[in-house]
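Numbers restart at 1 for each chain; the letters A, B, ... are given by sequence-line order, proteins then strands. Nothing here was measured: the structure is a model prediction, and the numbers come from that model.
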Protein chains: 2
Amino acid sequence: MTLRYALLGLLTRKSQTGYELYQTFKQQLIYVWSSTHSQIYKELNLMEKHGLITYQWIYQEGSPNKKQYTISYEGEKKLAEWIVHEQNRPLKMKDQFLIKASSFSVISKSEAIQLLEEVKQREYDVYLQTKKWKEETFPNAPSHKKTGEYITAEFGIRYAKMYVDWCDWAMEVIKQADE
Amino acid sequence: MTLRYALLGLLTRKSQTGYELYQTFKQQLIYVWSSTHSQIYKELNLMEKHGLITYQWIYQEGSPNKKQYTISYEGEKKLAEWIVHEQNRPLKMKDQFLIKASSFSVISKSEAIQLLEEVKQREYDVYLQTKKWKEETFPNAPSHKKTGEYITAEFGIRYAKMYVDWCDWAMEVIKQADE
DNA sequence: CATCCCATGTAAAAAGTTACATGATTTG
DNA sequence: CAAATCATGTAACTTTTTACATGGGATG
């Protein structure tokens with residue numbers, strides 16, 4: 001059910017298509033919630049049937065037509081209710097690389113360092129990209145209306161930065177460890 | 001399949017039961033990989049059938065009997081192979097609270113701050129607990145044999161610390177935001 | 001006296017992933 | 001000329017969650 005509220009939340013920012021919502025998950029919310037386009041399209045159809053959102057077809061020449069979704073009054077009411085009253089659940093992480101890292105003792109030091117180098121690069125790219133987006137989108141701290149977007153962007157930046165720094169630290173630890 | 005290798009990795013540290021493995025996921029690996037006991041018991045049974053692990057019953061009086069699993073040579077070989085050659089997948093996060101945070105504009109500033117305060121406390125507890133465990137378990141940087149455990153513990157500490165600091169920052173942002 | 005801990009499992013339901021499907025336009 | 005982007009969807013499959021099941025011992 002959380003996906004439903006994640007989508008409702010994004011639709012309070014502006015009316016948008018399933019495709020755009022998916023892009024936001026991939027680009028701005030990787031450290032918040034992950035989803036796939038097939039899941040999002042399915043959920044949007046259900047949400048529309050439940051009256052939480054409405055849509056209108058936008059006809060385009062050249063590009064495929066698209067469905068622009070708008071949150072309903074009912075949807076906004078349910079969202080606010082959920083945020084305040086739904087019991088908090090612990091986060092769930094699935095980080096394949098950290099599973100590998102937790103077993104670094106079964107591979108060589110040089111192989112471990114190479115894997116860390118690759119992941120560091122990946123996280124550093126995310127860091128730069130998210131930081132750039134946040135600085136362009138919010139040159140100053142925004143009003144309460146945009147706080148949600150602002151603070152989650154900052155979370156992403158801090159997460160990626162923490163990951164990069166940890167990679168550097170871990171490589172040093174491995175280099176200096178006794179065999 | 002990643003759960004399988006996560007379990008194999010933990011079994012390289014020492015022979016242990018499904019129950020103990022589940023405790024480790026809950027306590028030491030919350031920011032790495034999450035799983036449930038039902039999934040772990042099922043996977044261990046499959047892994048045993050595939051010859052990746054073996055087990056022996058340990059009979060106990062008073063407490064229920066338990067199955068102690070040990071990684072096989074085959075299992076260790078498959079694990080090392082997987083770590084080096086399995087293609088890296090991007091991490092997948094499911095953080096219900098950050099979904100709520102991303103929609104803070106639909107609730108009041110005071111409600112948002114209360115939610116942040118609760119989550120901050122939760123993360124701070126994890127921070128203290130993980131830090132204590134790491135300092136007790138590794139008074140000094142360990143040899144390569146224990147690097148995996150050491151660096152993932154450090155990751156957990158840094159993650160929880162980052163989360164706590166971000167909560168403080170976010171509360172300030174919300175307090176100072178225009179309505 | 002209720003709840004938690006230990007310890008293992010099964011079964012049903014929900015959520016999530018991957019592959020298939022279409023097709024014009026743009027980019028390298 | 002291959003691949004990526006835009007745009008939506010379905011179907012099969014895998015993974016994950018939740019509930020059910022058992023039962024003694026310890027804790028509050």
Side-chain angles (χ1 to χ4, degrees), chain A residues 1-7 10 15-27 29-30 32-50 53 55-69 86-96 99, chain B residues 1-7 10 15-27 29-30 32-50 53 55-69 86-96 99:
Chain A
M1 273 303 92
T2 309
L3 174 62
R4 172 164 301 182
Y5 295 98
L7 291 167
L10 293 179
S15 294
Q16 49 193 312
T17 67
Y19 190 83
E20 287 174 292
L21 289 162
Y22 173 55
Q23 298 305 315
T24 303
F25 274 97
K26 275 205 307 188
Q27 287 155 24
L29 301 177
I30 26 169
V32 173
W33 202 267
S34 57
S35 195
T36 55
H37 78 270
S38 65
Q39 210 182 358
I40 290 168
Y41 287 126
K42 211 172 84 186
E43 188 61 33
L44 287 169
N45 280 313
L46 282 173
M47 288 159 72
E48 195 270 328
K49 276 179 195 138
H50 290 307
I53 53 178
Y55 72 88
Q56 64 176 103
W57 277 102
I58 301 202
Y59 296 95
Q60 298 187 122
E61 283 171 51
S63 312
N65 299 329
K66 57 188 182 183
K67 280 161 96 170
Q68 191 171 56
Y69 288 97
E86 179 71 14
Q87 97 169 339
N88 291 336
R89 284 162 198 280
L91 61 84
K92 267 152 214 161
M93 178 95 87
K94 301 271 161 164
D95 189 328
Q96 188 221 41
I99 289 298
Chain B
M1 274 302 91
T2 309
L3 174 62
R4 174 164 301 184
Y5 294 98
L7 292 167
L10 292 179
S15 295
Q16 49 193 313
T17 65
Y19 189 84
E20 287 174 293
L21 290 161
Y22 173 55
Q23 297 305 316
T24 304
F25 275 97
K26 273 204 308 188
Q27 287 155 26
L29 300 177
I30 26 170
V32 173
W33 201 269
S34 58
S35 196
T36 54
H37 78 270
S38 65
Q39 210 182 358
I40 290 168
Y41 288 126
K42 211 172 83 186
E43 188 60 32
L44 287 169
N45 279 314
L46 282 172
M47 288 159 73
E48 195 269 330
K49 276 178 195 139
H50 290 307
I53 53 178
Y55 73 88
Q56 63 176 103
W57 277 102
I58 301 202
Y59 297 95
Q60 298 187 125
E61 283 171 49
S63 311
N65 300 326
K66 56 189 183 181
K67 281 162 96 171
Q68 191 171 54
Y69 288 98
E86 179 70 17
Q87 94 168 344
N88 291 335
R89 284 163 197 279
L91 61 84
K92 267 154 213 161
M93 180 94 87
K94 302 269 159 164
D95 188 330
Q96 188 221 41
I99 289 298

| task | Go through the structure and list residues passing salt bridge (charged side-chain N to carboxylate O under 4.0 Å, His left out) with E86(A), not counting sequence neighbours. | result | R89(A)

| remark: Per the under-4.0 Å heavy-atom filter, residues of residues 16-26 of chain B near DNA chain C come out as T17(B), G18(B), Y19(B)

To the closest 0.5 Å, what do you measure between [atom1] ([X]) and [atom2] ([Y])?
{"X": "T2(A)", "Y": "Q96(B)", "atom1": "OG1", "atom2": "CD", "value": "5.0 Å"}
{"X": "L3(A)", "Y": "M1(A)", "atom1": "CG", "atom2": "CE", "value": "8.5 Å"}
{"X": "T17(A)", "Y": "I58(A)", "atom1": "OG1", "atom2": "CD1", "value": "8.5 Å"}
{"X": "L44(A)", "Y": "Y55(A)", "atom1": "CG", "atom2": "OH", "value": "11.0 Å"}
{"X": "W33(B)", "Y": "K92(B)", "atom1": "CH2", "atom2": "NZ", "value": "7.5 Å"}

Residues which pass side chain to side chain donor-acceptor pair (under 3.5 Å) with [X], listed by chain and number, not counting sequence neighbours:
{"X": "N65(B)", "result": "none"}
{"X": "Q39(A)", "result": "S35(A)"}
{"X": "S63(B)", "result": "none"}
{"X": "E43(A)", "result": "R4(A)"}

| For chain B, the stretch of DNA chain D it reaches, first to last nucleotide, under 4.0 Å of its heavy atoms | dT15(D) to dG25(D)

| Pair listing, salt bridge (Lys or Arg N to Asp or Glu O under 4.0 Å) test, anchored in residues 55-67 of chain B, at least two apart |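 Every candidate salt bridge (Lys or Arg N to Asp or Glu O under 4.0 Å) pair involving residues 55-67 of chain B fails, so no pair, neighbours aside, qualifies.
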
| query | Are M93(B) and S34(A) side-chain neighbours, meaning at least one heavy-atom pair lies under 4.5 Å? | reply | no

| Do L21(B) and Y41(B) come close enough that some side-chain heavy atom pair is under 4.5 Å? |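 With C-beta onward as the side chain, the pair stays apart.
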
Protein-nucleotides 12-19 of chain C N/O pairs under 3.5 Å:
{"unit_1": "dA15(C)", "atom_1": "OP1", "unit_2": "M1(A)", "atom_2": "N", "d": "3.0"}
{"unit_1": "dG16(C)", "atom_1": "OP1", "unit_2": "K94(B)", "atom_2": "NZ", "d": "3.0"}
{"unit_1": "dG16(C)", "atom_1": "OP2", "unit_2": "Q39(A)", "atom_2": "NE2", "d": "2.5"}
{"unit_1": "dG16(C)", "atom_1": "O5'", "unit_2": "Q39(A)", "atom_2": "NE2", "d": "3.1"}
{"unit_1": "dT18(C)", "atom_1": "OP1", "unit_2": "R89(B)", "atom_2": "NH1", "d": "3.3"}
{"unit_1": "dT18(C)", "atom_1": "O4", "unit_2": "S38(A)", "atom_2": "OG", "d": "2.6"}

| query | Under 3.5 Å, side chain of Q16(A) to main-chain N/O of L10(A), donor-acceptor pair present? | reply | yes

| Under the side chain to side chain contact (heavy atoms under 4.5 Å, CB included) test, which residues partner K26(A), sequence neighbours left out? | Y22(A), Q23(A)

| task | Using whole Å, report how far CD of Q68(B) lies from C1' of dC6(C). | result |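 After rounding, the reported distance stands at 15 Å.
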
| When you measure from every atom of DNA chain D, which of residues 56-64 of chain B have a heavy atom less than 4.0 Å away? |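 Those residues are G62(B), P64(B).
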
| Which angle, to the nearest 10 degrees, lies between the helix axes at the two ends of the helix from dC1(C)-dG28(D) to dG28(C)-dC1(D), each defined by five pairs? | 60°

